[in-house]
Amino acid sequence: MIFELRIAPADVTDAGEILTVQRAAYLVEAQRYADPFLPPLTETLEEVRAVLAGPATVLTARFGHRLVGSVRAHVEDDTAHVGRLSVAPDQQGRGVGGRLLRAVEAACAGRVRRFALFTGADSEQNLRLYGRHGYRVVGHRPDPNGHRLALLEKAVADPARLDA
Ligand SMILES: CC(C)(COP(=O)(O)OP(=O)(O)OC[C@H]1O[C@@H](n2cnc3c(N)ncnc32)[C@H](O)[C@@H]1OP(=O)(O)O)[C@@H](O)C(=O)NCCC(=O)NCCS
């Protein structure tokens, strides 16, 4: 049976599946940076539950009942900080990540002037994906483990509604 991809706001009960997919997805980044303690890999179930219970926007992507991806964003002043974009390894390269990114942008668009995110400075596929979605590198900084991160931003196409 072929299922349509369904993107929806996450519920606290999704925490376990989100963490499972996140951990599987970020393993490739752990291998790239030879560091199994990257923040998305050390985040606990309780921490994910706390995010889901708070004000952040968290979206899940499902094929049928199966959770295959998620993303989150929190709004601070006029910026939506997007993070933890994760797609199950066997489902990557089918457009799920791109769909999640567009969906979280749409969910925050009326409240912000820009989207911001970061990724590993050596994660070329991620940088390409974000570049295709209109993000530009605006700087670099080290993460808590000392890895070099690229900071990317994208302006909201029509922020006029903020002033209305
Ligand atoms: C980054 C990540 C979320 C992207 O998810 P994804 O579902 O593979 O993303 P997409 O399919 O939308 O795009 C990725 C690639 O697939 C290609 N693609 C998109 N739609 C496609 C389709 N229908 N069929 C085949 N390929 C497709 C894209 O061209 C892109 O290729 P390229 O970047 O090599 O040029 C995923 O790889 C992941 O979970 N990575 C580990 C965690 C991580 O690094 N997260 C980001 C941290 S900032």
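In this text the structure is predicted, and so the values were computed from the model without any measurement. Counting convention: from 1, in listed order, for ligands and their atoms alike. In this chain, numbering begins with 1 at the start of the sequence shown.
Relative orientation of the H81 and H74 rings is parallel, given thresholds of 30° and 60° on the angle between their planes.
A donor-acceptor pair shorter than 3.5 Å cannot be found between the side chains of D77 and T79. Side chains of R94 and Q91: a donor on one and an acceptor on the other come within 3.5 Å. With 3.5 Å as the limit, one finds a donor-acceptor pair spanning the side chains of E29 and S123.
At a 4.0 Å heavy-atom cut-off, the residues surrounding ligand 1 are A25, Y26, E29, L85, S86, V87, Q92, G93, R94, G95, V96, G97, G98, F118, T119, Q125, N126, R128, L129, Y130, R132, listed by chain and number.
Cation-pi check for R62 over F3 is not met; the charged atom does not lie both under 6.0 angstrom from the ring centroid and within 45 degrees of its normal.
Under the 4.5 Å side-chain heavy-atom criterion for ILVMFWY residues, no single connected hydrophobic cluster contains both V58 and V112.
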